[in-house]
Amino acid sequence: MLALEQGRFELEKALLSLDRLSARELMRNASAAHAPAALAEALIAPTLEHLGAAWQQGTVALSQVYMAGRICEELVDEFFPKDAAERRAGPRMAITVLEDHHELGKRIVYSLLRASGFECADYRRQTVAECSARVAGEGIELLLVSTLMLPSALKVRSLRERLAAVGCGAKIAVGGAPFRLDSELWKEVGADATGATASDALALAARFSAEGAR
Amino acid sequence: MSGGEVTSLERVKKALSGAQPDRIPVVLPLTMHGAREVGLPIREYFAKPENVAEGQLRLHRRYGSDALTNFHYAALELEAWGGEALFREDGPANAGAPLVRRLEEVAKLEPPKVADCPCLGRVLEATRMLRQRVGGDVPILGLVVSPFSLPALQLGFERYLQLLCERDDLLPRLLSVNEEYSVEWANAQVAAGVDAIGYYDPVCSATIIPPEMFRGTGQGAAERTLSRIRAPAVTLVGAGRCLPIIDGLARTGTRGLLVGPAEELREVKAATSGKLALLGDLNSVEMRRWDHARVEAEVKRAISAAGPGGGFILCDGSGEVPWQVPEEVLLAIVEAGKRWGRYPLDWIERA
Ligand code: B12
């Protein structure tokens, strides 16, 4: 795994300078020696997690996190097989912006998940009623909710209630500006977890897949 | 000015110039809250200038903030360019679909004339009415979305990030078109009676773009725009980080900076002392849940961090109080601000 660790550093450098050529070259070399799942888990995901943590600490900007996610998504599409069997095991996941008109946060979380080998359905913008029906109907185990506006964040409470009313035990993980600015808000609205940065969704996916398997 | 009493306008002006007034001004940016005052849904409230003038006056009477605002909602500026604002019952309107779907189309954007935009006309009319009714003692704050942040609405935020990162050849024209519009819009507000302009520029913050990108893009746009606006301006970065770009911000010609909870107010004060007035930094997303003790603690924290020496206005940290913040919290903030903000602030040393 030593080679992959060295690769993380170089991949991060290439992503931060938007150097697609170097990033592809690195992937080409690495994929000669490692299976896609290993690349996703030990190269791409940790690099994106490191960038996410740096954003939270204030040393990297959102534009860089966004572009890194996009470039990694392109790499995954180019180098990884399309069939899901090769993807990483995780909970049945979906992501939505709940009664909000801002999709960028969702877009970034979604692209980091895909680039790290996870499958996730994209529900786009939904009302509480639409979302709860779909989550229950499709047997979703982990629903990721992204909101930018406070009133939208507060809607998670009614989503939780509706899911409970139909006996759906899906876990809800929330994120976006209101949850970053108020660290207690996720508990208040009855979510199961929150993440301050998009790459926290990777750890959440891993956590809830382990809990689900138990 | 009657009997030596300091007016809100004098107080705010003094603080913006970096000096020490009788007490720290307390400014609560209340916008859609006027709808509640006059008993209308938010959309109807903003549809008529007389509603907004009446709403702002009642808010002033109820809370006694040291300033009023003519700000309606940011998406109004997208309406001016031909886009749509989407209303909701429990919060600010949001921008509808972007105007531009392919990056190349930004070359075709033409700035609207302020006189041709009924939505802007309503804001100007509300400003004139408000000025007439409130007299000259209370400042009215206007707002423009900066030419550098406006593309987040014109293009959608994702497409704008793509442009900034990969097609910055398209940026100079976009900025110059937006600058023409923003300058005209800001000066029309000044002519209608606002005393200062909030320059709403969240995209420039280090939370969103790297500081070196700001230096080559948003900083120049702000310098050019602010030099042409005929009133003092204050920069609002929407609760993003500004310490890494503080020197650049100070060079844009802005008078002050609204600081949010992403940074320590005390550190920003140390970095800007003598260069910029500060406003802030109460956490507007959290304050919904504050009790009296918490309000008092937050107000005292902010005042002791940035009050000493002057050049400070107590305000929320984003430039807009959410709809959900209860009246008692707002009243408590103003009360604590006025009580603890009286100079010389000698309680700070005793504490
Ligand atoms: C840039 C900005 C603007 C720009 C562009 C906005 C846009 N996207 O269109 C402009 C100037 C246009 C703007 C306008 C407004 N804004 Co503004 N803006 C911001 C700012 C600085 C960043 C917002 C942003 O888009 N960030 C990028 C996204 C991707 O970040 P994010 O949501 O935090 O997501 C990250 C993480 O949280 C995580 N994440 C996201 N979702 C999820 C989900 C899961 C499960 C996980 C694990 C992680 C995760 O991943 C992302 C990347 O790491 C914030 C303050 C701040 N510091 O965040 C205010 C903010 C969002 N704005 C706010 C407001 C109120 C407005 C306006 C409504 C003001 C008004 N009255 O008109 C308008 C709305 C305009 C519109 N779009 O209709 C408020 C919203 C809170 C509230 N009070 O409801 C904020 C929080 C400021 C504040 N403190 O009050 N704004």
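Per chain, numbering begins at 1; letters A, B, ... match sequence-line order. When reading the values below, keep in mind they use all heavy atoms of this one structure, side chains included, and skip hydrogens, waters and symmetry mates.
- Contact annotation for A/S152: both backbone and side-chain heavy atoms come within less than 4.5 Å of a heavy atom of chain B.
- Atom NZ of B/K269 is surrounded by more than 12 heavy atoms from other residues, nucleotides or ligands within 6.0 Å.
- A 4.5 Å side-chain heavy-atom check between A/S63 and B/L164 finds every atom pair outside the cut-off.
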Start with the C-alpha distance between A/R70 and B/E158, add both sets of side-chain angles, then the distance that settles side-chain contact (heavy atoms from CB on, under 4.5 Å), and finish with yes or no.
CA-CA 11 Å; A/R70 273 184 50 120; B/E158 178 171 3; 4.2 Å; yes
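- Heavy atoms closer than 4.5 Å to chain B are found in the side chain of A/L154, but not in its backbone.
- No donor-acceptor distance shorter than 3.5 angstrom exists from the side chain of B/R289 to the backbone of A/E184, with no hydrogens or angles considered.
- Taking a 6.0 Å sphere around CD of A/E161, one finds it holds more than 12 heavy atoms contributed by other residues, nucleotides or ligands.
- Both the backbone and the side chain of B/P210 come within contact range of chain A, each with at least one heavy atom under 4.5 Å from a heavy atom of that chain.
- Residue B/E166 touches chain A through its side chain alone, counting heavy-atom pairs closer than 4.5 Å.
- Looking at every heavy atom in both residues, A/H101 comes nearest to B/A95 through CB-O, 4.3 Å.
- The contact between B/Q324 and chain A is made entirely by side chain atoms (from C-beta outward), counting heavy-atom distances below 4.5 Å.
- Other residues, nucleotides and ligands place no more than 12 heavy atoms under 6.0 Å from the NE2 atom of A/H50.
- The contact between B/D90 and chain A is made by backbone and side chain atoms together, counting heavy-atom distances below 4.5 Å.
- With chain A as the partner, the residue from B/L161, B/N94, B/L243, B/N283 showing the most heavy-atom pairs under 4.5 Å is B/N94.
- Between B/C165 and A/Q64 the shortest side-chain heavy-atom distance does not fall below 4.5 Å.
- The side-chain heavy atoms of B/Q162 and A/Y66, taken from C-beta on, include a pair separated by under 4.5 Å.
- Rounding to the nearest 0.5 angstrom, the gap separating the OG atom in B/S318 from the CG atom in A/L181 is 8.5 Å.
- Taking the side chain as every heavy atom from C-beta outward, B/V285 and A/F179 never approach each other to under 4.5 Å.
- Distance check, rounded to the nearest 0.5 Å: CD of B/E286 to OG of A/S183 gives 6.0 Å.
- Interface residue B/L86: only side-chain heavy atoms are found under 4.5 Å from chain A.
- The two residues B/F157 and A/L104 come nearest to each other via the heavy atoms CD2-CD2, 3.4 Å.
- Side-chain contact between B/R288 and A/L150 is present, with at least one heavy-atom pair separated by less than 4.5 Å.
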